[in-house]
Amino acid sequence: QVQLVESGGGLVQAGGSLRLSCAASGRTFSTYAWFRQAPGKEREFVAAITWTVHYADSMKERFTISRDNAKNTVFLQMNSLKPEDTAVYYCAAAIAGLGTGMVKTRDAYNWWGQGTQVTVSS
């Protein structure tokens, strides 16, 4: 059974850090990504990793995506968190390796986790 399970969300003060994890089972994936969705907002791209890494411009220099292929797990290290980072963070995966344009597209991903809440207090 294919499953993506996020963990690591929680409440953190502005300027703090969190490390999100997404454990995949049932398949191996070429592409992993993180998206986030704040209340009343569209789900937006955060970061992706294939053979290289991709970031939304607003997340560069603060967030780092990485993967452990042996454990079939992807991580998102989030530093210098701001209140505007508050959102539900979703892990996504695609069997195919996605190009630069496609990694930012929700429809490109085959599988999604249920999300983990990140709340940043001011």
>> Applying side chain to side chain donor-acceptor pair (under 3.5 Å), can you list everything that pairs with Glu84, at least two apart in sequence or on another chain?
In response: none
>> Restricting to side chain to side chain donor-acceptor pair (under 3.5 Å), what partner residues turn up for Arg43, sequence neighbours left out?
In response: Gln37
Selection [range] - residue pairs positive for disulfide bond (SG atoms under 2.5 Å apart), sequence neighbours left out:
{"range": "residues 23-74", "result": "none"}
{"range": "residues 22-102", "result": "Cys22-Cys91"}
{"range": "residues 36-82", "result": "none"}

> For Ala47 and Leu76, which heavy atoms make the closest approach, and how far apart are they?
Replying inline: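 Ala47 and Leu76 have their closest heavy atoms at CB-CD1, 4.2 Å.
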>> If you compare all heavy atoms of Leu4 against all heavy atoms of Ala24, which two are closest, and at what distance to 0.1 Å?
In response: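 Closest approach of Leu4 to Ala24, heavy atoms only: CD2-CB, 3.4 Å.
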Check: residues 93-116 side-chain donor-acceptor pairs under 3.5 Å, at least two apart:
residue, atom, partner, partner atom, Å
Tyr109, OH, Val103, O, 2.6
Asn110, OD1, Ile95, N, 2.9
Thr116, OG1, Gly9, N, 3.2

In chain order, what residues pass the side chain to side chain contact (heavy atoms under 4.5 Å, CB included) check against [X], with sequence neighbours excluded?
{"X": "Lys41", "answer": "Ala38"}
{"X": "Val12", "answer": "Leu18, Leu81, Val120"}
{"X": "Ser66", "answer": "Phe75"}
{"X": "Ser17", "answer": "Gln77, Asn79"}

> Roughly how far, to the nearest 0.5 Å, is the CZ atom of Arg36 from the CD atom of Glu42?
Replying inline: 14.0 Å
> Does Glu6 reach the side chain of Leu20, with side-chain heavy atoms less than 4.5 Å apart?
Replying inline: no
> Mind checking whether Tyr89 and Val53 sit in one hydrophobic cluster, side chains of I, L, V, M, F, W, Y counted as touching below 4.5 Å?
Replying inline: yes
>> Is there a path of hydrophobic side-chain contacts, each under 4.5 Å between heavy atoms, that joins Tyr55 and Val74?
In response: yes
> Could you walk me through whether Gln117 and Thr86 pass the side chain to side chain contact (heavy atoms under 4.5 Å, CB included) check?
Replying inline: CA-CA 8 Å; Gln117 176 71 47; Thr86 296; 4.0 Å; yes
>> Applying side-chain hydrogen bond (donor to acceptor under 3.5 Å, both in side chains) as the test, list every pair that has at least one member in residues 23-34; sequence neighbours left out.
In response: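 Residue pairs with at least one partner in residues 23-34: Tyr32-Asn72.
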>> Could you work out, with ring-ring contact (aromatic ring centres under 6.0 Å, His included) as the rule, every residue matching Phe45, not counting sequence neighbours?
In response: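 Here the qualifying residues are Phe35.
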> Between Asp85 and Lys82, is there a side-chain N and carboxylate O pair less than 4.0 Å apart?
Replying inline: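 Not counted as a salt bridge, because no side-chain N and carboxylate O are separated by less than 4.0 Å.
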